[in-house]
Structure formats: structure tokens, C-alpha cells
Amino acid sequence: MPIKLTFPDGTVNEFPEGTSGADVAASIGRSLAKAAVAVSLDGELLDLSRVLPGDGPFAVITDTTDQGRSVIRHSAAHVLAQAVLDLYAGASFAIGPAIEDGFYYDFDIGRGFVPDDLEAIEARMTEIIAEDQPFQRDIIAAEEAKALFADQPFKIEIIEGVDEAEGAGGTEVSVYRNLDFVDLCRGPHLPSTGRIKAVKLLRSAGSYWRGDENKPQLQRIYGTAWESQQTLTDHLERIEQARLRDHRRIGHELDLFSSPPELGPGLSLWHPKGGLLRKVIDDYSRRIHQQYGFDFVVTPHVAKEQLWAISGHLDFYADNMYPRMELDGEEGYRVKPMNCPFHVLIYRSSARSYRQLPIRLSELGAVYRYERSGTLQGLLRVRGMVQDDSHTFCRRDQLADELDRHLDFVLAMFSDFGFDDVEAELSTRDPDKWMGELDLWDEATEALRATLDKRGVAYEIGEGEAAFYGPKIDVHVRDALGRRWQCSTIQLDFNFPQAFDLDYATADNDRARPVMIHCAKLGAMERFIAVMIEHYAGALPAWLSPVQATVVPVADRHDPYAATVVERLRAEPIRAEADLSDESLGEKVRRAITHKHPAVIVVGDRDVESGTVGLRLRGETEERRGVPLADAVVELAALCSPPR
RNA sequence: GCUGGCGUAGCUCAGUUGGUCAGAGCAGCUGAUUUGUAAUCAGCAGGUCGUGGGUUCGAAUCCCUCCGCCAGCUCCA
């Protein structure tokens, strides 16, 4: 019986029974057949050589698509495992998927891999690829597979766990062979190893079996594979570009902050330029919080340990808190890892009425968390940070509107900072770990979903990912290099109102419990600034630049005029500085440009005479001479004005 | 915390069978230069080669400890 395939263009084509994906690709065109790495039938990816089992929507997966590359990388992972098993007697192998931009495979060879190992492995992989070994798919009984992998404990565990993702399911499992190497795998794979045109091993690192730190530690090798040497080279170039944008590097070059070893890991010092940047962001933050109806509060850095017991932090967060401080004749104190208990105490400081709600308490609060040493990462993960934190207390009937307001706020804020590409994750109730009322959870989760839909934000659902005390939305921004960073979180909290027995008087003069929304907008200032630096490669938007204009006199005799220009700009106010150092003009211009100053203003004889300046904005390769000072001021004022 | 890597002047780095190996560029300081848009010239100064042990006639170079940093795992703003 012929099979009917629906092509991506909507046409339905008939093929005789026994037709393979490769046959179909060849019937469409030679170049397509050449670029094909797999096919998809009814949403399922199949090897090119597989006989198509039935009708359905059909597409050829080519090697330049994400899906195609993932097939290449998956096959490369197999070749990696093959090479490691060849080279290291007694090695066991675990799992090896394709990941974004590459692949990895986890092994146990009784020790770690060192760089020389990677070199040897990559050389062996190159041989296997040159041999162009065909990948061959087999379905075998689970019992047979267990015999086949008798000396491979991780594979046995996968088979016994009938892990579909690894090709095991029920009584049968699929395996892929090339030469004498065989691996459990769902597929699909390239027709042969020779189709891996470019591969490179990048690094090794420890990883835990099943991602569980209580299970054995394996050695993971990361690599990347591409359809051509050129795309591999381009990828490596992108990695290098990312390295050049590293906020630690740029932060030092622009003299924004430092983290000297004497200070302690995860702590940072903000130098004058960085301090100014912080101030600009703080000022902005206060303005927009005010516009969205938040009130400002200030709370201390430490509190009695008992407070953290009531809040539940000692039960659930103690591992991330700095240890107790002993004081003579007093109970212990703890440094705050969060601001919530304080804001709750402020709410509770007087009797609340339904008329007062919602109450939105906001604070740029410095918090300290004892993060495990291995997790620290520049300013992206620190132990001391300032959060733009808020806690909103509202009635249940106000919840949907409040959530919508919070999300609107967050989106407006990111947009002001130049991040328009945002994605969210909606975390829902963990059926085994939750507290409170079921219908409130459902209502709140629906409200979160509705506001995401209303604002048109793309989101994924993290089923069961919510903390026990409430569902949440995490908002991620995508930077110029396509990397995703989590910044905001909008989180319902059903625990605090109960733990602190919060209430308000209803219209009927009953007592009701308020709902609480915890929200960090930019998140941690340290992280957000790091993300911005990498996003903009240090060239921050003018309104954020610590120095907005550098005035360069051509010769000493122009210094007084330069000072006048600076004064005029500062009156705007524009953050301007004159460079009166004993350097050549070219050097001063270069210095201003490499320090990413948004505007360079050069003044010489002609400017002094006619009240003009030479203006060169960031990104412009040519200067504009003879611009009247007044015009330049207007232009720069517009350029440098904050969005709110 | 775990695995691997790294740690030489403020910064970027050279220094590989352990024996003038303590160097370069940039930054800094001093002097000269007064310049019209991405590096003016010269001189000077600057490091107990992360820390503490050990091996050796001799260690930046080999071994161990600790500290810090980087990549990843786990976790997460």
C-alpha cells in the first residue's frame, strides 16, 4: 500500500511502500538529498535510511537547521563515546545528548580528563570520522540489551528505568551501532560518521550522574560539531566575542568595580564611575516605582534570629544564610538574605483596612547570601547584592490587576534599558510540596497566565517548579549575543501572610488575609549591570554612561573655553569632563572612544572665535565641525536624558 | 561543596629537559612637545613569580597544603 506524505508546502505526495526518507529526499532534489541528515514524519525524527512507516506530515531535516545540527551533534557525541571507550580500558559511559551549540558525553574512567586526554580523544574521533562508519539502528529486547551492556552499569540503569529519551521503552530498546561500538539511543543519527564535517572538543568538567550530587560524579566532555568548518570557525569566533564582552574585563577597563581577594568572594567594590552608574539606575528605579504606585521603605541589614524562625527561613533557607552572630546577653542575630520579613512587619505595624489595599512596599535592599563557593560567577552570582525588591499586599479580588501591574512594570523597565526580547517562565504547583488553599493556587496561577497572555510575553510552563509557598513568573531577558538571563521574579506568597498572621478589616468588618506578591524587577543590581555591560559590550546607552561627554581642547590655550563648554553641559545636566592632560589630540580622542564615552567634543581656535564645537558621537566615524554650542547642548541633552 | 584548569609588575602576557629567568607592551611618574579627531618622543620607577611547606648544591619552573580566579555540575537574583 502506498504511503501519503504531506510536504511542508501542503502538497500530498504518494510513495510506494518501503520508501525511505532518503528516497523521498532524493526524489525532491539532489542538493536537498545531499544536505539531508534526517527526516521528520508526523513530528517524529527518523533516520534517512528508515523505511517510512506510514502517512503524515513530512519534512526533510537539513544540516543547516537547528534540528539538523542537533542530529549532527548527537552523532558526534556517539563518536566521542566511541573514542573514549577505544582509548580507556574499563571506561563506562552514561549519557550524551546534543545541547545548544554542541554536545556532551558523561564518562567514568576512574579519574578526571586532562587537556592531553581531550587532544588524544579528538584525534581518535577524527580517525573514526575519516573511516566514515555507517550508523546502524537495531531494535532489541531489553533483556538482550542488558546482556550487551553487562559491563556498563549506567546503561543497565537506563534500560531498567525504561528511559524513553535514551532509546529504552518497555520491553524493547533501540541501539545504534557503528563498527564495534554500540550505544543505547533513540536516534536519529547521520547515515555515517563521515557526515560530521567539523568537530571540536572544548572542555571537560565534573557532573553528577542523573544530576544528583549524592550520586557518583562523572566526567563530562563538552564539544561542538557543525555542518562545515566555516560554521565551526564562526561559532568559535562568537565564543571569543563573548569573552571580550565579559563584564569582569569591561568593568575593570571602564573602572566601574573590582573584587579584590582581600574583600572576599562574591563581594564587590564600586568605584566612582561604577558608583555613579549605580546612582543613575537607583534614581531611575525610584522614579518608575513611584509612577507605578510603590511606597519606599528602609529596613536594617540584620535582625533577631527569631524573626527568621517565624518567617521559615531557618527551616528552608539556612544553608544560604550567614551564620548567627552572638551578642552578649542577647539572642543571636542574622544578616538578612531577603527583605520580606521586614516588609511584612511594616504591614503588621498597624491595623489594616480593605480600603488601604493594595499596599506596595519597595526597597533597594542590600542582602547577603552564603552561596556555595563554586556557584559564584563575577557579578552574575554574588554573595552581597542590592535587590530592587518589593512586597505588595492586596485583597484577593485585586490579585489579577496587581499581577498585571507588576508585569507591566517589569516590561516597561526592561524596555527602558533596551531589552525588548524577554521571555518568561511560569512555575506551577508541585503536587507534593505546597501549602495553603488549592483554589487560591489555581486562581493565582490562572491570573499569572492571563497577564502573560495579555502582555504577549512568550513563556514556558515549569510544571511543579513553584516553591511550596506560591506560584511565580520569572522573567528572562535575552542579550545581544542571544544569551538568556533571569532578572525579574513575580512571586505569590501564601506562606508569609499565614506565618505572620496578617489580616485586614473587610467591608463587613470581618478579618481577611491579604495576598502577598514578592517582586524583584531588575533583580540584583550587580547582576543586572553585568548583563547590561555584556549586552552593550560596555557601550551603555548615553543616559547610563558615567561620562556622557568628553571635551578635548586642541591646545593649552583652549582650556578656558573647554571649561566653559563643560560648565554649560553640566548645567543641563550632562555629565561632561574636560581632558586637560598633556597628551596629543589623537590620544585624547582615542581614550574617550575606547572608554565608550557617548560624545567627544573637540574645541580649537575656530571654536573659541565663533562659539562652536567639533562634535563626534559614539559610533560616528567622522566629526562634525563648527556646531554652534547651543545646538550641541540641545542635541546632547536629548541624547542623554533618561527615559523617565 | 564537587571535577578539571589557571595564579609572573596596576593590566595583557613571555619566560617548556630546574642553573645571568626576573622580562616586554600598555598603564604610572618625570621631562620635552601645544598638537583639529583612534596611540608624540625620551628617561625613570615598579614584582620576596598567589600563600606556606617540601625535594635539590640550586625552583617562577618538580611535589604537597591553603587562598583566589575560570569552566562545568548542583543551586540561583
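With sequence neighbours excluded, the residues satisfying side chain to side chain donor-acceptor pair (under 3.5 Å) with A:H406 are A:T392. Taking the side chain to side chain contact (heavy atoms under 4.5 Å, CB included) definition, one finds that A:D212 meets it with A:N214, A:K215, sequence neighbours left out. Every residue two or more places apart in sequence or in another chain that forms a side chain to side chain contact (heavy atoms under 4.5 Å, CB included) with A:A592 is listed here: A:T550, A:H597, A:V600. Contacts of A:S581 classified as side chain to side chain contact (heavy atoms under 4.5 Å, CB included), with partners at least two apart in sequence or in another chain: A:D579, A:E583, A:K588, A:R591. For the side chain to side chain donor-acceptor pair (under 3.5 Å) test, no residue two or more places apart in sequence or in another chain qualifies with A:R286. Take A:D388 and apply the side chain to side chain donor-acceptor pair (under 3.5 Å) test, not counting sequence neighbours, and it matches no residue. With sequence neighbours excluded, no residue forms a ring pair (Phe, Tyr, Trp, His ring centres under 6.0 Å) with A:Y561.
The pairing partner recorded for B:rU40 is B:rA32, the criterion being a Watson-Crick or G-U wobble arrangement whose two distances lie under 3.5 angstrom.
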Contacts table for residues 256-269 of chain A: side-chain donor-acceptor under 3.5 angstrom, sequence neighbours left out:
residue, atom, partner, partner atom, Å
A:S258, OG, A:H271, NE2, 2.7
A:S259, OG, A:L267, O, 2.7
A:S268, OG, A:W270, NE1, 3.0

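Of the residues in residues 523-535 of chain A, those placing a heavy atom less than 4.0 Å from an atom of RNA chain B are A:G523, A:A524, A:R527, in numerical order.
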Measure all distances between protein nitrogen or oxygen atoms and nitrogen or oxygen atoms of nucleotides 69-73 of chain B, and list the pairs falling under 3.5 Å.
residue, atom, partner, partner atom, Å
B:rC70, OP1, A:R248, NH1, 2.5
B:rA71, OP1, A:R248, NH2, 3.2
B:rA71, O2', A:R203, NE, 2.8
B:rG72, O3', A:Y222, OH, 3.0
B:rG72, O2', A:Y222, OH, 3.1
B:rG72, N2, A:G206, O, 3.4
B:rC73, O4', A:G206, O, 3.2
B:rC73, O2', A:Y208, N, 3.1
B:rC73, N4, A:G374, O, 3.3

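B:rU33 and B:rA39 have their C1' atoms separated by 15 Å, with the value rounded to a whole Å.
In this entry the distance linking CD of A:Q219 with C1' of B:rG5 reads 12 Å, nearest Å.
No close placement of the A:H74 and A:F103 rings is indicated, their centers lying 6.0 Å or farther apart.
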Original post:
What one-letter contact string describes nucleotides 30-43 of chain B from 5' to 3', where B marks a base within less than 4.0 Å of any protein heavy atom, S marks contact via sugar-phosphate atoms alone, and - marks no contact?
Top reply: --BBBBBBBBB---
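Counting only residues at least two apart or in different chains, salt bridge (charged side-chain N to carboxylate O under 4.0 Å, His left out) contacts with residues 526-535 of chain A comprise A:R278-A:E526, A:R483-A:E534.
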